[in-house]
Number of protein chains: 2
Amino acid sequence: MRLTMYTDYSLRVLLYLASRKGENVTITEIADFYRISRNHLVKVVHNLGRDGYILTSRGRHGGLKLARPAKEILVGELVRSTEPDLDLLECFNPATNQCVISNSCSLKAVVFNAQTAFLEVLDQYTLADMAKGSYKTISSFKSIPVVRN
Amino acid sequence: MRLTMYTDYSLRVLLYLASRKGENVTITEIADFYRISRNHLVKVVHNLGRDGYILTSRGRHGGLKLARPAKEILVGELVRSTEPDLDLLECFNPATNQCVISNSCSLKAVVFNAQTAFLEVLDQYTLADMAKGSYKTISSFKSIPVVRN
DNA sequence: AATTAAGATGTATTCAGGATGTATGTTTAT
DNA sequence: ATAAACATACATCCTGAATACATCTTAATT
């Protein structure tokens, strides 16, 4: 269970842009800063542009900037749009599911609930939150409800 | 972001055993039932035995059975023990982390909180729950707290 | 004792997908 | 024109999951 480097880099690009509000920043600058592959970042940036997170401009003095205010971008939203495969179990995808008991299996719903909880925690933080503060690690979510039929 | 087939199969084996309380069941029977690779299941079963979830017996009339009551086995506990890599982000593993900002980066804590929420939801269901009932999918966990410093 | 049915274990192979690189476009300020 | 930037399409490498195969050990049956 991992997020791809793609998602990781996407978040880092947005974090970097958030910390340099409004300024045009080049891919090279970001790649140098994080010491990661520029070639990889090129694609990350391309997709961030396509998905409306950043504005890109070509040519001299071109670069990237956030397309929306950092406080309006939710971490969960970004993860949902960049992570290529959120099918935690085979049975999540009806097109490829082979499990013979998936119709009557309650595991699917349980894992799906867990995934929902995961994303909803991420939805409670904005890019602006990330860019400024640090957060405590909380060890317990006792208030998460278990819903039985 | 996926769980491995390993974890998926592990859960299915335990579910199957739970539904046949006490009986000795062979790997072949389970593989045939789910129509999955027997060879793969062999290793899954081996690890489940090593980790104390099942009792295995060799020889004629050998097979598997649950080592503990189904109602004492938490789904989250199993996922934690079978999923080989729970490092959602590169920076989760200090040994391999390369991210230059991980010291001051709050993203790590946020994603970790989300993962904790994920596992804690799974911890609220036992194998016995799975084996009998079906559960509703819940779409909102508004009560998950955001903890700020 | 021999046989057979089961799991135990180690090794090998296949394959998909993530991570990365290369090359060539296209745009725009100077 | 030229240089500096992103756009885009392929190509390649590599890890690890998924699976197969072969051989061993154990234990019940005959």
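Just so we're on the same page: letters track the sequence lines, and every chain starts at 1. Remember, it's a predicted structure, so these values are computed and weren't measured experimentally.
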In whole angstroms, the gap separating C1' of dA5(C) from CG of Asn24(B) amounts to 13 Å
Got a donor-acceptor contact below 3.5 angstrom from the Glu83(A) side chain to the Met1(B) backbone?
-> yes
Notebook entry, point to check: Closer than 4.0 Å, any side-chain N/O of Tyr9(A) to the OP1 or OP2 of dT20(C)?
Noted result: yes
Whole-Å distance, Met1(A) CE to dG16(D) C1', equals 18 Å
Whole-Å distance, Leu86(A) CG to dG18(C) P, equals 12 Å
Respond yes when some side-chain nitrogen or oxygen of Arg38(A) is under 4.0 Å from OP1 or OP2 of dC6(D), and no when none is. yes
For Arg20(B) and Val25(B), the nearest pair of non-hydrogen atoms, with its separation, is NH1-CG2, 4.1 Å
Margin query: Taking Thr126(B)'s backbone N and O only, do any of them form a donor-acceptor pair with Asp129(B)'s side chain (distance below 3.5 Å, no angle check)?
Written below: yes
From CZ of Arg2(A) across to C1' of dA19(C) the rounded distance in Å is 12 Å
Closest to the 5' end of DNA chain D, once Ser37(B) and Asp85(B) are matched to their nearest nucleotides, is Asp85(B)
Correct closest heavy-atom pair for Asp123(B) and Glu77(B) would be OD1-N, 3.3 Å
Separation of dT19(D) atom P from Arg35(B) atom CZ, nearest Å, is 16 Å
Q.
If we count only N and O atoms by modelled type, under 3.5 Å, do the side chains of Tyr16(A) and Glu29(A) hold a donor and an acceptor together?
A. yes
Whole-Å distance, Asp8(B) CG to dT19(D) C1', equals 15 Å
message = Between Ser10(B) and Tyr53(B), does the side-chain hydrogen bond (donor to acceptor under 3.5 Å, both in side chains) criterion hold? Intermediate values first, please.
response = CA-CA 10 Å; Ser10(B) 296; Tyr53(B) 289 104; over 6 Å; no
Rounded to whole Å, CG of Asp87(B) lies from C1' of dT15(D) at a distance of 15 Å
From CE of Met5(A) across to P of dT15(D) the rounded distance in Å is 14 Å
Under a 4.0 Å heavy-atom cutoff, the residues of residues 40-65 of chain B touching DNA chain D are His40(B), Lys43(B), Arg58(B), Gly59(B), Arg60(B), His61(B)
Rounded to the nearest 0.5 angstrom, the CG-CG distance for Leu86(B) and Asn93(B) is 11.5 Å
